[in-house]
Amino acid sequence: MPAAPPLLIERDTSLRALNTLGLPAVAHTLVRIRSDADVRRVLDHPELGRAPKLVLGGGSNLVLTRDPAAVVLRVEVMGRQLLAADDDAWIVELGAGETWHEAVAWTLDQGWPGLENLALIPGTVGAAPVQNIGAYGIELADRFHSLDAVDLVTGRGVTLDARACAFGYRDSVFKQCADRGYFGGLAGKSLITRVRLRLPRPWQPVRGYLDLERKMAETGNHEPDARTIFDWVVAIRRAKLPDPALIGNVGSFFKNPVVSAEQCRDIIGRDPHIVHYPLADGRFKLAAGWLIDACGWKGKRIGHAGVYERQALVLVNCGGATGAEVLTLARAIQESVYGRFGIRLEPEPVVV
Ligand code: EPU
C-alpha cells in the first residue's frame, strides 16, 4: 500500500482570506483535512490530539473576534459522484470541501436538477447542513439524504440521516451544544467529511417565492426550467447581496425572528407595513431586514463595519474592520430593534 501523504500542518496562518468577512485573525496551528484518515491522524498526533479544535469550511458563517485558541481544521475533502439514479431520485455525494455553488452548477450540468434555488450561497458543502442553508423556498433539509462525519474525540466515523441532523430554520444538531441541555448536540464535536443529497424525480420547480414570481412576470416565462431558475437566483442575489470576494460579509447576519400571532398583531397595529409570513404552526416569521431598515440602519457604519446599502440584514466589512467592530455594530442594531419593536434578533453566524 502507498504511504499516506503527510499531514499538512501550518503554523501562524493568517485566516483573513479564509473567512468571508475578511476579518483579521491568525491560527497558531492549521491542519488541512483531505480525508477521514487525516482527522484520525490529527487525533493520534502527540501535540494536536487533545487540543481543542475549530472546524473551518468556507468561513462564510463565522465572525472572528480574536485569534482562535483552538487548532483550526480546514476541511478540504473533495469529490463529486452520482451514487444512484432510480425512478424517484438522483443521489449525489459531495466532498465537504467542495464549493457549494460550484457543486450546484455541476449537478445542473450533469442533468440532475433540484438545487437551483440554492445557487450562489457562499461556503462549502460541509457547512451547508450545519446551518441548514436556505433560499428562495428551499432548505438543504429538503434535498438531504445523509452525511458522513468523524467524531473529534474518538475518531469514529458516523453516518447521520436527516432525523439525526435535527434540522431547523438555519439550525441543526451541529449548532447545538451538548452542555446547554440539548441531548446529543454536536457543536464542535464532529467534522463533516461527505454530504449526500437526494434530488427528487421527476423534477418539480419551486417558484412560489416573491422574487421568483417577479422574474416570471417580468420575462413572461411562467414555466422556467431548472437552468432558468438558477440564472434568475444568481441575478437576484447579485442585485441585492454583496459578493464576498469584493465586500466582506456572511450573508444574512440575523435570523428572521418568529413571533406569536398575538405579538404579530400588536406590531402590525403599530407598523402596518411590516413584512410578515404565516407559518404552519400559527406563528409568524418577520423580515429582520425590514425591521433593521425601519430603524434607519441601511448604509450606516460604526467604525469599519457597516450595514449593506441594498439589504439591511447584511453586515459588511467596509475595509479593515475587526470582529469586535462587527459585533459592536450588531449589538447596536439589536438594541435599536428591541427598543422599537420589542424583538430580540438572533445572530446567524458563529462567533469565535
Ligand atoms: N427588506 C426591507 N429592507 C431591507 C431588506 C429586506 O424592507 O433592507 C424586506 C424586503 O423588501 C422583503 C423582506 O424584507 O419584503 C425579505 O427580504 P428578502 O426577500 O431579501 O429575504 P430575507 O428574509 O432578508 C432570507 C434569507 C436569505 C435568503 C433570502 C431568499 C434569512 C435570515 N435570510 O432573507 O438567506 O437568501 O431569504 O430566500 O432567512 C442567509 O441566510 O445568509 C441568506 C442570505
Side-chain angles (χ1 to χ4, degrees), residues 19-21 57-63 100-101 104 115-124 127-143 167-172 175 206-215 229-230 232-244 247-259 267-268 271-279 284-300 306-316 326 330 333-334 336-337 340-341 343-350:
N19 74 98
T20 61
L21 260 167
S60 60
N61 200 41
L62 181 66
V63 183
W100 173 261
H101 176 69
V104 170
L115 299 176
E116 54 283 347
N117 295 51
L118 300 176
L120 217 62
I121 295 182
T124 54
V130 175
Q131 65 152 349
N132 186 20
I133 57 170
Y136 306 102
I138 296 189
E139 288 184 336
L140 182 88
D142 301 323
R143 299 287 180 266
F167 291 122
Y169 167 56
R170 294 298 189 279
D171 198 22
S172 75
K175 280 180 100 174
V206 176
R207 55 191 170 189
Y209 201 90
L210 184 66
D211 284 336
L212 292 175
E213 283 173 356
R214 273 199 202 117
K215 283 281 180 201
I229 294 178
F230 175 90
W232 286 351
V233 168
V234 167
I236 294 164
R237 291 187 74 97
R238 288 220 168 106
K240 68 162 113 176
L241 298 170
D243 176 353
I247 303 176
N249 76 91
V250 285
S252 302
F253 198 91
F254 299 101
K255 294 185 187 186
N256 284 328
V258 173
V259 298
I267 296 173
I268 294 170
D271 248 305
H273 302 297
I274 189 164
V275 179
H276 59 289
Y277 317 95
L279 297 177
F284 286 84
K285 190 180 270 192
L286 307 179
W290 187 93
L291 298 171
I292 299 168
D293 199 357
C295 291
W297 279 103
K298 215 182 238 178
K300 292 271 165 61
V307 178
Y308 192 53
E309 68 260 4
R310 277 181 265 156
Q311 223 303 8
L313 195 47
V314 178
L315 304 195
V316 295
V326 173
I333 292 170
Q334 282 171 312
S336 76
V337 168
R340 172 151 173 204
F341 298 103
I343 289 169
R344 289 186 201 282
L345 292 181
E346 192 189 327
E348 216 188 75
V350 173

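Each residue takes its place number in the sequence, starting with 1. Numbering of ligands and ligand atoms starts at 1, following listing order.
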For [atom], what's the nearest protein heavy-atom neighbour? Residue, atom name and distance, please.
atom	value
atom 1 (N) of ligand 1	Trp290 N, 3.8 Å
atom 43 (C) of ligand 1	Ser252 OG, 3.0 Å
atom 31 (C) of ligand 1	Tyr169 OH, 3.3 Å
atom 14 (O) of ligand 1	Ala287 CB, 3.4 Å
atom 21 (O) of ligand 1	Tyr209 OH, 3.5 Å
atom 17 (O) of ligand 1	Gln311 NE2, 4.1 Å
atom 25 (C) of ligand 1	Asn256 ND2, 4.1 Å
atom 26 (C) of ligand 1	Arg170 NH2, 3.4 Å

Original post:
For Arg237 and ligand 1, does the shortest N/O to N/O distance drop below 3.5 Å?
Top reply: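 The answer is yes, given that Arg237 and ligand 1 share an N or O pair closer than 3.5 Å.
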Find all atoms of ligand 1 within a distance of less than 4.0 Å from any non-hydrogen atom belonging to [X], and give their numbers and elements.
X	answer
Val275	13 (C), 15 (O)
Ala312	4 (C), 5 (C), 8 (O)
Tyr277	13 (C), 16 (C)
Ala135	36 (O), 38 (O)
Gly251	42 (O)
Lys240	18 (P), 19 (O), 20 (O)
Asp293	2 (C), 3 (N), 4 (C), 7 (O), 8 (O)
Phe254	32 (C)

Original post:
Which is it for Arg310 and ligand 1 at heavy atoms under 4.0 Å: side chain, backbone, both or neither?
Top reply: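 Within the 4.0 Å criterion, Arg310 makes no contact with ligand 1.
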**OP:** For ligand 1, note which part of Phe253 has a heavy atom under 4.0 Å away: side chain, backbone, both or neither.
**Re:**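 Neither part.
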Subject >> Heavy atom of protein closer than 4.0 angstrom to atom 11 (O) of ligand 1 >> reply: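 It does not; no protein heavy atom is within 4.0 Å.
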Original post:
Parallel, tilted or perpendicular for Tyr209 and Tyr136, by the 30°/60° rule?
Top reply: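 Tyr209 and Tyr136: perpendicular rings.
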